Protein chains: 2
Amino acid sequence: MDHVIRSNQPGHTTIGLTAVVVAVTEEDPRVLVARRMTHDLATPAQAGTGDRAFDSPETLPFGPFEPTHHRTLELGLRQWVEDQSGLDLRYVEQLYTFGSQYRDPRELAGGPRVVSVAYLALTQESPLAGSGEAQWRPWYSYLPWEDWRSGRPPVIDTVIRPALTHWIDEAPNLRTRHERKERVAICFGSEAGFDMVRSLDRYELLYSAGLALEAIRDAHIMAQAHGLPPEPPPPETLAAARALGDPMALDNRRILASALGRLRGKLDYRPVVFDLLPPEFTLFRLQRVVEALSGIDVHKQNFRRTVMAAELVEPTGHIEASGRGRPAETYRFRRDVMQEKHDVGISLSAPRLGG
Amino acid sequence: MDHVIRSNQPGHTTIGLTAVVVAVTEEDPRVLVARRMTHDLATPAQAGTGDRAFDSPETLPFGPFEPTHHRTLELGLRQWVEDQSGLDLRYVEQLYTFGSQYRDPRELAGGPRVVSVAYLALTQESPLAGSGEAQWRPWYSYLPWEDWRSGRPPVIDTVIRPALTHWIDEAPNLRTRHERKERVAICFGSEAGFDMVRSLDRYELLYSAGLALEAIRDAHIMAQAHGLPPEPPPPETLAAARALGDPMALDNRRILASALGRLRGKLDYRPVVFDLLPPEFTLFRLQRVVEALSGIDVHKQNFRRTVMAAELVEPTGHIEASGRGRPAETYRFRRDVMQEKHDVGISLSAPRLGG
DNA sequence: CACAATATGCTCAGATTGAGCATAACGCCT
DNA sequence: AGGCGTTATGCTCAATCTGAGCATATTGTG
């Protein structure tokens, strides 16, 4: 497979495919990651820092795009993910194409520009085949500020807000200061205005403010490349960054954040949840999955009403005795609604407190 | 610049950037096209057919991605579009990455796979600098069934529906027949269910049914490549395809359709219209632009109410005497709303009759 | 000066949405 | 058996939003 990544002249490009494979178990959204970099695309290990950002960051599944084997980009992605993981990808959607300079730091050493087409894929969680390199990881462990299911995450007020306020204050001039203030207001503004879909904006803000370990890592790499002494970040910033979730290799956490936002947006107007569920499910199970993805709790009775009114599901006639409490009826997704209706989806509003 | 497109071994890839540059003059949405293919990427001219699909199809602006000059994909696109056209791109957004086999037919002759990252860019229409190859073209001339501003376009009932009904009837088996029926229902179903955002689905359906001249062209090319005698389409199909708007080179009409859908979707929740307007405008002018993009007429008084309630604009105090009728007050966009509000946009519903 | 054309303001009924109350059906405990 | 906690499910109600129309204001034109 390495014949695709063979060019080493500067000015050359390489195309890869990155997958954000999502599943939901019970109430936990998970993403498929690999412990080691596929094709050894990891940042050069930097011994002694003791930081996962440097030592062994997790990566999203990545593979080369091979035009001789792959009729389309999407088929290429499907093929190698399904081959390597044994998963059955139920829904695949192109997310975004990333091609910034030095997104693979080996470009600094004359390596090619690695352009990566990122895909979002939905599946049911199942045991993983293959070499055991891949594993499911809860995706809010990478983006902890995105999980509002038990109310506003404390980390926003204890870590993010103070650090961002400090970042605003140290702006070099008034103009930058105003810009920073505006970005912070948009991304982490009032309780009411927290827009669950803008997860990418929030990650990028944290990265800009040096509050993602990846930002610190990249600054380090760039300094080294220019022969400058690496300037260590202020200890508070480093501590804050450490408290803000696990880092990933390269720009993979950015890709994850964009997948989260896209998926949340899709929930509103396309029935994507059903690709994460077994054929039969209770309405509450459905609700839990929606909450897991959207990151917020919804009003149970109204959720029911919306789903029923949309005629997205039909009762199977079966009853699921789950343990304590009244047993629930099970439902199945009506694949044919796509034909009749158009705006089929489950709309949500801003986060609410409690449940 | 050609050093990027130099590889001719099969199995190689090339990355390009394609731009859908949009402007609105008065009430006509327009798109920037080039008469000839940039870098001679046109389909091989096929003399004697007398069809624009074969002879000189228009193309979207296309340029190579040059990693040595371009820090990011978006900057690369901005740079060469602005350099070549002299336009000031006000808003740029990545659309989709296209990488299907034979999307550049020269791949059949051992050429590289051309992967193209498509961008949507908004600007104000202005005279074009440069060689005069580029020009503004009304974009509904490529997708005439998308313009519902004077009610349901007649072409849907006179051309599309009959042709699609015929396509359903000639399905090789019941399963295909059902699938085709479903797709037709989703894309060109009832009046009420016409979802303006799904323009890509509709183009792809027409392409599948052979009702886009590009589909006929591609079938022709593929037949030739396999040494088969080109099978001419039934005359009714060809006539229908000719009646369904102008074709474009390669898959460029598909890219245009996806841009239209994306832009329509964005209208709802981001204030993108203002990037197509001068700094001061009347509310009716704003309405005309929204209608031009969304393809449907809106209720004047309610549109006003929505815009005012969202506090998207503020009065300038000026009055525009446009000719007959009461002169209108002019407004300007409040850039700062982005900071306060989140769901800023102009939401629309399904198409309605009259105006 | 009537009238056509456009801008702008207001009303109102029907649909949608957010939130809570009430009842039903189970397991578990005493 | 009966009370209790727990979950499922059904219903109500007020606040808001939305679609559609009526009314009035301000201009140019015949």
Side-chain angles (χ1 to χ4, degrees), chain A residues 26-27 151 191-192 267-269 280-288 290-291 294 296-331 341-355, chain B residues 26-27 151 191-192 267-269 280-288 290-291 294 296-311 313-331 341 343-355:
Chain A
E26 294 302 318
E27 57 187 45
E191 172 106 1
L267 274 184
D268 268 8
Y269 60 101
E280 291 190 21
F281 47 84
T282 67
L283 290 185
F284 188 55
R285 178 95 195 272
L286 174 63
Q287 182 183 340
R288 297 282 278 288
V290 168
E291 289 173 339
S294 68
I296 56 177
D297 283 330
V298 300
H299 182 132
K300 192 166 179 169
Q301 294 94 318
N302 291 346
F303 178 79
R304 210 153 225 296
R305 177 177 60 187
T306 314
V307 173
M308 300 304 273
E311 294 180 290
L312 283 171
V313 297
E314 59 191 4
T316 61
H318 304 155
I319 300 283
E320 183 187 279
S322 57
R324 54 172 186 250
R326 175 175 170 177
E329 216 176 338
T330 68
Y331 292 79
K341 308 207 146 206
H342 288 265
D343 265 354
V344 285
I346 294 149
S347 26
L348 302 168
S349 55
R352 216 169 307 117
L353 297 184
Chain B
E26 294 302 317
E27 55 186 47
E191 172 106 359
L267 275 184
D268 269 8
Y269 60 102
E280 290 190 22
F281 47 84
T282 67
L283 290 185
F284 188 54
R285 178 95 195 270
L286 173 63
Q287 183 183 339
R288 297 282 278 287
V290 169
E291 288 173 338
S294 68
I296 57 177
D297 283 330
V298 300
H299 188 260
K300 192 166 179 169
Q301 294 93 318
N302 291 347
F303 177 79
R304 215 155 221 295
R305 178 177 59 189
T306 313
V307 173
M308 299 304 274
E311 294 180 290
V313 296
E314 61 191 2
T316 60
H318 304 155
I319 299 285
E320 183 186 280
S322 58
R324 54 173 186 249
R326 174 175 170 176
E329 216 176 338
T330 68
Y331 292 78
K341 307 207 145 207
D343 265 354
V344 285
I346 294 149
S347 28
L348 301 168
S349 56
R352 213 168 311 117
L353 297 184

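The model shown is predicted, which means the values in this text are computed figures rather than measured ones. Below, chains carry the letters A, B, ... as their sequence lines are ordered, and counting in each starts from 1. All values below were derived from every heavy atom in this structure, side-chain atoms included, with hydrogens, water molecules and symmetry-related copies excluded.
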Report yes if a side-chain nitrogen or oxygen of B:K300 is closer than 4.0 Å to either non-bridging phosphate oxygen (OP1 or OP2) of C:dT8; otherwise report no.
-> no
May I have the distance from [X] (atom [atom1]) to [N] (atom [atom2]), rounded to whole angstrom?
X	N	atom1	atom2	answer
A:R285	D:dA8	CZ	P	13 Å
A:H299	C:dC21	NE2	C1'	10 Å
A:L283	D:dT9	CG	P	6 Å
B:E329	D:dT27	CD	C1'	15 Å
A:H318	D:dA8	NE2	P	18 Å
B:L286	C:dA7	CG	P	12 Å
A:F303	D:dT7	CZ	P	17 Å
B:D297	D:dG19	CG	P	14 Å

[Y] and [X], any side-chain heavy atoms less than 4.5 Å apart:
X	Y	result
B:L286	B:F303	yes
A:E27	A:E291	no
B:M308	B:L283	yes

Listed by chain and number, what are the salt bridge (Lys or Arg N to Asp or Glu O under 4.0 Å) partners of A:E320, not counting sequence neighbours?
-> none
Results of salt bridge (Lys or Arg N to Asp or Glu O under 4.0 Å) for A:E329 - residues two or more places apart only =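 Salt bridge (Lys or Arg N to Asp or Glu O under 4.0 Å) check on A:E329 returns nothing, list empty.
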With respect to the side chain of A:N302, which nucleotide from D:dG19, C:dA19, D:dG10 is positioned closest?
-> C:dA19
Ignoring the backbone of B:R305, work out which of D:dT12, D:dT9, D:dG19 is nearest its side chain.
->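 So the side chain of B:R305 is nearest to D:dG19.
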Tell me, for nucleotides 22-30 of chain C in 5' to 3' order, what letter each nucleotide earns: B for a base near a protein heavy atom under 4.0 Å, S for only sugar-phosphate near one, - for neither?
-> --BBBS---
Would you mind telling me which of A:N302, A:V313, A:V290 makes a side-chain contact (heavy atoms from CB on, under 4.5 Å) with A:V307?
-> A:V313
Check B:R304 against B:Q301 and note the closest heavy-atom contact, atom names and distance.
-> CB-O, 3.2 Å
